[in-house]
There are 2 protein chains.
Amino acid sequence: MHANATEEDVLLTPSEVAAMFRVDPKTVTRWAKAGKLSAIRTLGGHRRYKESEVRELLGGFIPAPREAAE
Amino acid sequence: MHANATEEDVLLTPSEVAAMFRVDPKTVTRWAKAGKLSAIRTLGGHRRYKESEVRELLGGFIPAPREAAE
DNA sequence: CTCGAATCGGGTAATTTGGGTT
DNA sequence: CATGTCCAAATTACCCGATTCG
């Protein structure tokens with residue numbers, strides 16, 4: 001089992017995911033829209049992404065210790 | 001679904017709910033004000049949220065075992 | 001009664017969303 | 001087709017002092 005839908009996990013903000021991939025937050029949103037990345041929605045409509053899923057998509061590579069979305 | 005109103009239900013603090021959604025405790029308060037989330041009021045005016053309701057809003061997502069407010 | 005942490009309130013920046021365009 | 005940018009509107013995050021919780 002990798003990243004199941006009902007698995008325990010930590011949520012990341014769009015900025016944080018974008019910083020890890022070195023892309024624009026908008027791009028991360030497109031990935032979520034395309035179903036390439038599962039997203040949890042806040043009650044206001046903002047998206048939160050699972051850290052474990054992002055890690056897998058990164059191919060096990062952990063980006064430099066950069067604090068995004070501070 | 002077993003989410004009765006007057007049923008035995010664990011109450012969560014704003015910090016705990018905020019940690020589950022990866023948002024600010026203030027944001028959870030806004031959700032309660034907007035009627036998106038029902039809140040129980042303490043005698044001092046502080047809000048408490050039903051765990052069962054929060055879980056449903058999370059859409060089956062189970063946050064990592066994190067103790068937010070202890 | 002005292003104390004540290006948390007949660008009130010409001011007010012103001014920063015982020016996110018969505019569509020359309022390049 | 002994927003990504004980056006511009007725009008307006010909506011949502012969220014951080015600031016303060018005062019009050020409540022445990």
If only side-chain N and O atoms of [X] are considered, is one of them under 4.0 Å from the OP1 or OP2 phosphate oxygen of [N]?
X	N	result
B:Trp31	D:dT11	no
B:Ser15	C:dA6	no
B:Thr27	D:dA13	yes
B:Thr29	C:dG9	no
B:Thr13	C:dT7	yes
A:Arg30	D:dT3	no
A:Arg22	D:dG4	no
A:Lys36	D:dA2	yes

Which whole-number value in Å describes the distance from [X] [atom1] to [N] [atom2]?
X	N	atom1	atom2	value
A:His46	D:dA9	NE2	P	15 Å
A:Leu43	D:dT11	CG	P	11 Å
A:Glu16	D:dA13	CD	P	11 Å
B:Leu12	C:dA6	CG	C1'	15 Å
A:Asp24	C:dT22	CG	P	18 Å
B:Phe21	D:dT12	CZ	P	10 Å
A:Leu37	C:dT16	CG	P	14 Å

ask   = So does B:Lys36 pair up with B:Glu53, basic N to acidic O under 4.0 Å?
value =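 Result for this pair is no, no salt bridge flagged.
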
ask   = Got B:Leu57 and B:Phe21 here, is their nearest side-chain heavy-atom distance under 4.5 Å?
value =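 Answer yes - side chains close enough.
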
key: Side chains of B:His46 and B:Pro14 in contact at under 4.5 Å (non-hydrogen atoms)   =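 No - every pair of side-chain heavy atoms lies 4.5 Å or more apart.
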
ask   = Which one of A:Val28, A:Ile40, A:Val10 satisfies the side-chain contact (heavy atoms from CB on, under 4.5 Å) criterion with A:Tyr49?
value =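 Among the candidates, only A:Val28 passes.
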
inquiry  = Closest approach to the side chain of A:Arg41, judged atom by atom: which nucleotide of C:dG18, D:dT5, D:dC21 is it?
reply    =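 Nearest listed nucleotide: C:dG18.
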
task = Could you please name the option among D:dC15, D:dA13, C:dT15 that lies closest to any side-chain atom of B:Lys26?
result =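 Shortest atom-to-atom distance from the side chain points to D:dC15.
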
query = How far does CG of B:Leu58 sit from CE of B:Met20, to the nearest 0.5 angstrom?
reply =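 Answer for the CG-CE pair, B:Leu58 versus B:Met20, is 5.0 Å.
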
query = Of B:Lys33 and A:Arg47, whose nearest nucleotide on DNA chain C comes first from the 5' end?
reply =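 It is B:Lys33, whose closest nucleotide lies nearer the 5' terminus.
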
